[in-house]
> 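This structure is in structure tokens; I'll ask about it shortly.
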Amino acid sequence: MAKITFITTDKEAITLEASSGSVMQLAVDNDVPGIDGDCGGVCSCATCHVHVKPEHMEKTGEASEIENDMLELDDNVNEYSRLCCQLEVSDALDGLELQVAERD
Amino acid sequence: MSQNFSKDQICIVIGASHAGVNFAFSLRKEGWEGRIILFDKDPVFPYHRPPLSKAYLTSNDAIEKNLLKSAESYEKAGIELQLGITVSNIHEHDKCITLTNGTSYKYDQLVMAVGARPIIPPINGLDTANNVFALRTATDVEKIKQSLTQSTQKRVVVIGGGYIGLETAASLKKLGATVTVLEREARILARVTAPEMSDFFEKLHGDNEVSVLTNKNVIEVAHHKNINEVVCADGARYSADIIIVGVGIHVNLELAKQANLEIENGIKVDETAKAKEAIYAIGDCTFHYNPHYGRFIRLESVQNAVDQSKTAAAAICGKHPVYNSIPWFWSDQYDVKLQMVGLSTGYNKVLVRKEIGETTKFSIWYFKDQELLAVDAVNNAKAYVLGTKFIKNRNLIDQEKLVNPNAEFKALNLVQS
């Protein structure tokens, strides 16, 4: 079981719990604003962009090549960017804090 | 208060797939306070369709893993789902619909997200053959899986070498089937891609031991002792325990005709997705204007369904949105990820950008003279996002640099000032 906190672009903190599935699915199932997951989680739409809290990067690891490429021209990309459809929920993510990225 | 925001109003949505479901949630977000009722004849809780021919077919995951929204989300948003229910009539003068069970519902706004159904071509014997499936719904996939499990020889013939046919072929191969794809045209994906892309995918399937055959016009399905034989115009015959039909779709137009909507290649809508007063249409069923390409088009895609649903929701809530999206698509076959952006129709030049030391990572750029129309990116998300930006901005591309793998693959380097 992992507790994951999403900070929305309106600065609202939403803490959710899950034991499996993708972080994107968790957000969509709970209507976290700004996380759409239009492509269903296959890294094709970039509508699940989050910034990992810098000190939590160890939990998530860095973005993969395809994530970086998908976000390359995004004005809001930074070194903490991830597409959260590529983050699988596990105990290792317990306590994770994610800032929902602004959209271009 | 605007009448659009009245609690007494009812918005009825026919079709609860990508377009209908996204529309319902967008409408709530836009401030609609009245009832929202979604009808769909599919009894399964609304799900993502793209995985059906891919991950859903090859995994043992339940459809619950692929839901568009959770049950709680509908409840929280006050969206009423009526599944397994068929709408039989629209009475536009009375602003009401009738279901096949006779019940009537009044509406103030009606949204047609009626989608399409697979074409079953008029091939002799196809309608009476055993184990013939199209692939459009979760139930179709369940039947295919079951039939494959029960088959001992697992010989599958796929009629049609488009995306659905090819994705299904790749997935069934992964499940242990012997798969033959029969394409009527001289190359697969002929309608949607350049020959370079057809060649790549033909080889990809060949390398994965799926037999892809072109110029194969199926004229008959014969039956011998419970086994289907697929017969082609050239005399070739293929035994099939299972037949998958993937030759395109027909838009569901029956209800639109009843409502006297204008129909061309789909339900004709304006830039706000409106078909006529109090009736909107969204998703695969629409024939809509694309401002970027300057013509009416019909698209079969998640992008179009989602974007049009947002446009219609905003319009119904009194805003004046203009639907103006660059179309994008994707396809996953084996471990190859294909991402497409733009519309290549009308291209007169194709450039291939290769990457040094990579055989399965490249991109195909479609131009009409100097104008970039579309990009197909194979395992190359960077080409896809660059292409998206260039098309949107109508950038002039330095074509020499584009095809030079030593030239840095960066927007600044490729755009001509």
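A, B, ... follow the sequence lines: proteins, then strands. Residue 1 opens every chain. Just so you know, these numbers come straight off a predicted model, no measurement behind them.
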> Which bit of B:L386 comes within less than 4.5 Å of chain A, counting heavy atoms only: side chain, backbone, both or neither?
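B:L386 touches chain A through backbone and side-chain heavy atoms alike.
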> Tell me which of these, A:C39, A:G21, A:P33, has more heavy-atom pairs under 4.5 Å with chain B than the rest.
A:C39
> Could you look at B:D332 and say if it's the side chain, the backbone, both or neither that has a heavy atom under 4.5 Å from chain A?
side chain
> Between B:D284 and B:R136, does any NZ, NE, NH1 or NH2 come within less than 4.0 Å of an OD or OE carboxylate oxygen?
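Between B:D284 and B:R136 there is a salt bridge, with a charged N closer than 4.0 Å to a carboxylate O.
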> Could you tell me if B:K382 sits above the aromatic ring of B:F409, with its cationic atom closer than 6.0 Å to the ring centre and no more than 45 degrees from the axis?
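Here B:K382 fails the 6.0 Å and 45° test against B:F409.
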> Under a 3.5 Å distance rule, please check whether B:R353 uses its side chain to pair with a backbone N or O of B:L402 as donor and acceptor.
yes
> Got a second to check how far B:Q308's CD is from B:L299's CG, nearest 0.5 Å?
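That separation rounds to 8.0 Å.
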> Looking at the rings of B:Y163 and B:F329, which for Trp means the six-membered one, are their centres under 6.0 Å apart?
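No - the distance between ring centres of B:Y163 and B:F329 does not fall below the 6.0 Å cut-off.
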> Is any NZ, NE, NH1 or NH2 atom of the basic residue among B:R28 and A:D31 found under 4.0 Å from an Asp or Glu carboxylate oxygen of the other?
no
> So which residues of residues 71-101 of chain A are in contact with chain B at a heavy-atom cut-off of under 4.5 Å?
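Only A:E72, A:L73 of residues 71-101 of chain A have a heavy atom under 4.5 Å from chain B.
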> Please check: side-chain N/O of B:Y56 versus main-chain N/O of B:N66, any donor-acceptor pairing under 3.5 Å?
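Looks like no, no N/O pair under 3.5 Å.
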> Where does A:E67 contact chain B at under 4.5 Å (heavy atoms): side chain, backbone, both or neither?
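Contact with chain B: none, neither part.
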> Looking at A:D69, A:V42, A:N30, which has the largest count of heavy-atom pairs under 4.5 Å with chain B?
A:D69
> What part of B:K76 lies closer than 4.5 angstrom to a heavy atom of chain A: side chain, backbone, both or neither?
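Only the side chain of B:K76 comes within 4.5 Å of chain A.
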> Check for a donor-acceptor pair, side chain of B:D376 on one end and backbone N or O of B:I364 on the other, with a separation under 3.5 Å.
no
> Rounded to the nearest 0.5 Å, what's the gap from OH on B:Y323 to OG on B:S309? Could you check?
9.5 Å
